[in-house]
Amino acid sequence: MDVDASLHDVSAYSSLTFECFRSQRCFEVRGCFRGFLCFYNGTYIYLLNPSTGLIKQIPDSPIILNELLSGFVYYQPTDDYLIVSGFSEYDTPVTSPIKLMIFSLRADKWKPIEVASHLPYRETSVSEFTPKCGLFLNGSIHWMVHNYETSKNVIIAFDLKEITISEIALPYDFIFSYSNNYSIYYVL
């Protein structure tokens, strides 16, 4: 892109066309980090660098059942891009604990994450079509989930360095609402 050119000048930009967009009418953005875009086109997960046109199809996870959580980050200590997937092994995500898998772009493979033998969490909005994307902050990916043992919505933080999950309580007056594929969070 020519930053000195007028925005109305056709030569100021170029159009990139990617085959992975042609076969699907819509796609879901799973995250972006350091210029890379992670998205799902209904069939595969891709990493895309729009400025260079570089695109990589991510191999299928060995476990593809009931994906509930997703996260995409650049992890500086290992100089690696990571995709984290949280899923339920069973057809009943409401009462099934979430398991985690991680994909390393550097190693080009998925591996299970051993954080605990029992994680009593499920997605807060049990939507089987749209995994909840996590937010990366201070070396951890954060998701809002429901602890079905305590019957409370909480934030879980998956620490990439320590490979641990911690639970963060929400304020007492915190309200979660899920409507028309939008999540609304507010404190009274």
Side-chain angles (χ1 to χ4, degrees), residues 16 18 20-21 24 27-89 93 96-125 127-147 153-170 183 185:
L16 299 174
F18 302 102
C20 56
F21 289 117
Q24 302 293 326
F27 61 93
E28 170 190 322
V29 175
R30 296 280 179 96
C32 60
F33 226 90
R34 295 184 62 181
F36 281 91
L37 178 68
C38 179
F39 69 93
Y40 178 68
N41 75 349
T43 308
Y44 299 105
I45 296 173
Y46 290 93
L47 289 183
L48 166 69
N49 183 336
S51 63
T52 64
L54 176 70
I55 190 163
K56 174 171 178 54
Q57 180 181 323
I58 303 302
D60 287 337
S61 169
I63 302 171
I64 309 176
L65 296 174
N66 298 318
E67 186 177 28
L68 303 172
L69 307 173
S70 67
F72 172 63
V73 302
Y74 170 74
Y75 189 56
Q76 189 173 10
T78 58
D79 188 31
D80 199 1
Y81 288 89
L82 306 173
I83 298 171
V84 177
S85 178
F87 61 93
S88 169
E89 290 184 297
S96 299
I98 292 174
K99 305 276 186 177
L100 297 173
M101 295 282 292
I102 193 165
F103 177 82
S104 162
L105 186 61
R106 183 170 294 284
D108 197 35
K109 67 179 180 178
W110 288 93
K111 70 176 184 176
I113 299 172
E114 299 295 331
V115 289
S117 60
H118 178 70
L119 298 177
Y121 305 111
R122 67 170 170 86
E123 184 183 18
T124 53
S125 64
S127 167
E128 295 181 29
F129 304 108
T130 308
K132 187 171 290 186
C133 293
L135 299 174
F136 186 66
L137 178 67
N138 294 333
S140 297
I141 302 174
H142 298 76
W143 295 279
M144 183 182 295
V145 295
H146 183 79
N147 183 322
N153 287 340
V154 296
I155 294 172
I156 56 171
F158 173 60
D159 185 307
L160 292 165
K161 181 179 180 185
E162 302 296 326
I163 311 295
T164 58
I165 288 186
S166 57
E167 187 175 294
I168 303 166
L170 297 173
S183 299
Y185 310 99

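Keep in mind that the numbers below use all heavy atoms, side chains included, and drop hydrogens, waters and symmetry copies.
- At most 12 non-hydrogen atoms from other residues, nucleotides or ligands lie less than 6.0 angstrom from CG of Asn138.
- Between the CD1 atom of Ile58 and the CG atom of Asp108 there is a distance of 7.0 Å, given to the nearest 0.5 Å.
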Exercise for the section: Give the intermediate values and the outcome of side chain to side chain contact (heavy atoms under 4.5 Å, CB included) for residues Val84 and Trp143. Expected result: CA-CA 12 Å; Val84 177; Trp143 295 279; 3.8 Å; yes

Handout entry: Glu167 and Asn147: CA distance, side-chain angles, deciding distance, side chain to side chain contact (heavy atoms under 4.5 Å, CB included) verdict
Key = CA-CA 9 Å; Glu167 187 175 294; Asn147 183 322; 3.1 Å; yes

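- Atom CD of residue Gln57 and atom CD1 of residue Ile45 lie 10.0 Å apart, to the nearest 0.5 angstrom.
- Taken to the nearest 0.5 Å, the CZ atom of Phe136 stands 5.0 Å off from the CZ atom of Phe33.
- Counting heavy-atom neighbours within 6.0 Å of Lys111 NZ, excluding the residue itself, gives a total of 12 or less.
- Atom CG in Leu160 sits 6.0 Å away from atom OH in Tyr75 (nearest 0.5 Å).
- Between Cys38 and Leu47, the shortest heavy-atom contact is CB-CD2, 3.7 Å.
- Side-chain atoms of Ile83 and Trp110, non-hydrogen and from C-beta on, do get closer than 4.5 Å to each other.
- Side chains of Leu100 and Ile165 form a contact here, defined as non-hydrogen atoms less than 4.5 Å apart.
- Here the closest non-hydrogen pair linking Val29 and Cys133 is O-SG, 3.6 Å.
- The shortest non-hydrogen separation linking Cys32 to Leu37 is CB-CD1, 4.2 Å.
- Closest approach of Pro50 to Gly35, counting heavy atoms only: CD-O, 3.4 Å.
- For the residue pair Ser51 / Asn49, a side-chain donor-acceptor distance below 3.5 Å is found, with atom types taken as modelled.
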Exercise for the section: Give the intermediate values and the outcome of side chain to side chain contact (heavy atoms under 4.5 Å, CB included) for residues Leu170 and Ile155. Expected result: CA-CA 7 Å; Leu170 297 173; Ile155 294 172; 3.7 Å; yes

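- Leu135 meets the side-chain contact (heavy atoms from CB on, under 4.5 Å) test with no other residue; sequence neighbours excluded.
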Practice task
Applying side chain to side chain contact (heavy atoms under 4.5 Å, CB included), run through Phe158 and Ile156 and close with a yes or a no.
Solution key: CA-CA 7 Å; Phe158 173 60; Ile156 56 171; over 6 Å; no

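- To the nearest 0.5 angstrom, Tyr40 atom OH is 10.5 Å from Tyr46 atom OH.
- Here CZ of Arg30 is found 12.0 Å from CZ of Phe72. Values are rounded to the nearest 0.5 Å.
- When all heavy atoms are compared, the tightest approach of Leu105 to Lys56 is CD1-CD, 3.4 Å.
- Of the N and O atoms on the side chains of Asp80 and Tyr74, not one donor lies less than 3.5 Å from an acceptor on the other residue.
- With a 4.5 Å cut-off on side-chain heavy atoms, Pro59 and Phe103 count as touching.
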